[in-house]
Amino acid sequence: MSKLDELILKAKDLAGVAGSKTQEVVELTKLHLQVTQLKSDIDANYQKLGEIVFELNKAGTQNDELIHMCVSEIQSQLDELAALSHKIDEMKNVVKCPQCMAANPVGALYCSRCGFSLKSQAPEQQDEDEDTEDPTL
């Protein structure tokens, strides 16, 4: 293989890497936009819930079913937000400290901000737990 052929192959490899990195950035941007929109929706639902509680209290009535529906909607949005945030963290190769919510590199044993033990967050331990839970794998 000539030097020119090797150079062309290396250029193709680099182009492939650049393309995959670009795709990753696009995906992260989409996820961040979804998070922003979801946070806005959650804030609007909190405000709506507050207005409902205020109006009900002002009228001297109760409507637990309506309040429960609003709370359930907010909770489902918060769950979706947590899932999106987790997906972003996975793509960025970070794990959040459960104590202070600081981002730490995957595999870190202790939080760089507060020193909290991240051993339970380590992916190696999660993989071992998954292997021991289902012996059919």
Side-chain angles (χ1 to χ4, degrees):
M1 187 179 285
S2 72
K3 294 278 186 187
L4 182 59
D5 290 337
E6 289 178 20
L7 185 61
I8 290 172
L9 285 175
K10 287 183 182 181
K12 286 181 181 180
D13 289 343
L14 286 174
V17 169
S20 68
K21 287 293 182 186
T22 302
Q23 183 64 28
E24 191 175 307
V25 169
V26 168
E27 182 67 24
L28 276 171
T29 302
K30 286 180 182 179
L31 289 173
H32 282 293
L33 287 172
Q34 288 177 341
V35 165
T36 301
Q37 180 61 50
L38 193 55
K39 285 180 177 179
S40 176
D41 293 346
I42 291 169
D43 288 343
N45 282 335
Y46 275 134
Q47 183 175 351
K48 181 175 75 174
L49 177 60
E51 290 171 359
I52 290 170
V53 170
F54 174 80
E55 292 297 328
L56 287 172
N57 196 1
K58 188 171 121 180
T61 61
Q62 287 186 332
N63 190 339
D64 291 337
E65 185 177 327
L66 179 60
I67 291 173
H68 179 70
M69 280 180 15
C70 290
V71 169
S72 295
E73 174 67 21
I74 292 170
Q75 187 58 55
S76 70
Q77 289 174 322
L78 290 172
D79 293 343
E80 184 180 349
L81 180 62
L84 286 172
S85 296
H86 181 71
K87 189 171 184 179
I88 290 170
D89 290 345
E90 283 180 343
M91 290 182 75
K92 288 183 173 181
N93 245 356
V94 297
V95 63
K96 294 280 174 88
C97 172
Q99 189 76 16
C100 70
M101 299 309 291
N104 293 277
V106 170
L109 298 178
Y110 297 96
C111 177
S112 60
R113 181 185 292 163
C114 70
F116 187 79
S117 175
L118 299 175
K119 291 177 186 172
S120 63
Q121 303 290 324
E124 295 84 14
Q125 183 175 353
Q126 291 173 353
D127 291 342
E128 291 173 9
D129 291 344
E130 290 173 3
D131 290 343
T132 57
E133 288 176 6
D134 190 359
T136 61
L137 293 177

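Note that the numbering runs from 1 along the sequence shown for the chain.
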May I ask you to test the [X]-[Y] pair for a side-chain heavy-atom distance under 4.5 Å?
X      : Y      : value
Cys100 : Phe116 : no
Leu118 : Pro98  : yes
Cys70  : Ile52  : yes
Asn93  : Val106 : yes
Glu27  : Lys87  : yes

Between atom [atom1] of [X] and atom [atom2] of [Y], what is the distance when rounded to the nearest 0.5 Å?
X     : Y     : atom1 : atom2 : answer
Gln77 : Asp41 : CD    : CG    : 5.5 Å
Asp43 : Asn45 : CG    : CG    : 9.5 Å
Ile88 : Leu28 : CD1   : CG    : 6.5 Å
Lys39 : Gln37 : NZ    : CD    : 12.5 Å
Lys96 : Asp89 : NZ    : CG    : 4.5 Å
Glu55 : Asn63 : CD    : CG    : 13.0 Å

- Item | Partner of Leu38 by side-chain contact (heavy atoms from CB on, under 4.5 Å), out of Val35, Thr36, Ile42 |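 Result for side-chain contact (heavy atoms from CB on, under 4.5 Å) with Leu38: Ile42.
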
- Task: Inspect the surroundings of NE2 in His86 and state if more than 12 heavy atoms from other residues, nucleotides or ligands are less than 6.0 Å away.
- Result: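 Atom NE2 in His86 is not crowded, with 12 or fewer foreign heavy atoms closer than 6.0 Å.
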
Side-chain heavy atoms under 4.5 angstrom apart, residues restricted to Ile, Leu, Val, Met, Phe, Trp, Tyr: same cluster for [X] and [Y]?
X     : Y     : answer
Met69 : Tyr46 : yes
Ile74 : Leu56 : yes
Leu49 : Leu81 : yes
Val25 : Val94 : no

- Message: Give me the atom names and distance for the closest heavy-atom approach of Asn104 to Ser112.
- Response: OD1-N, 2.8 Å

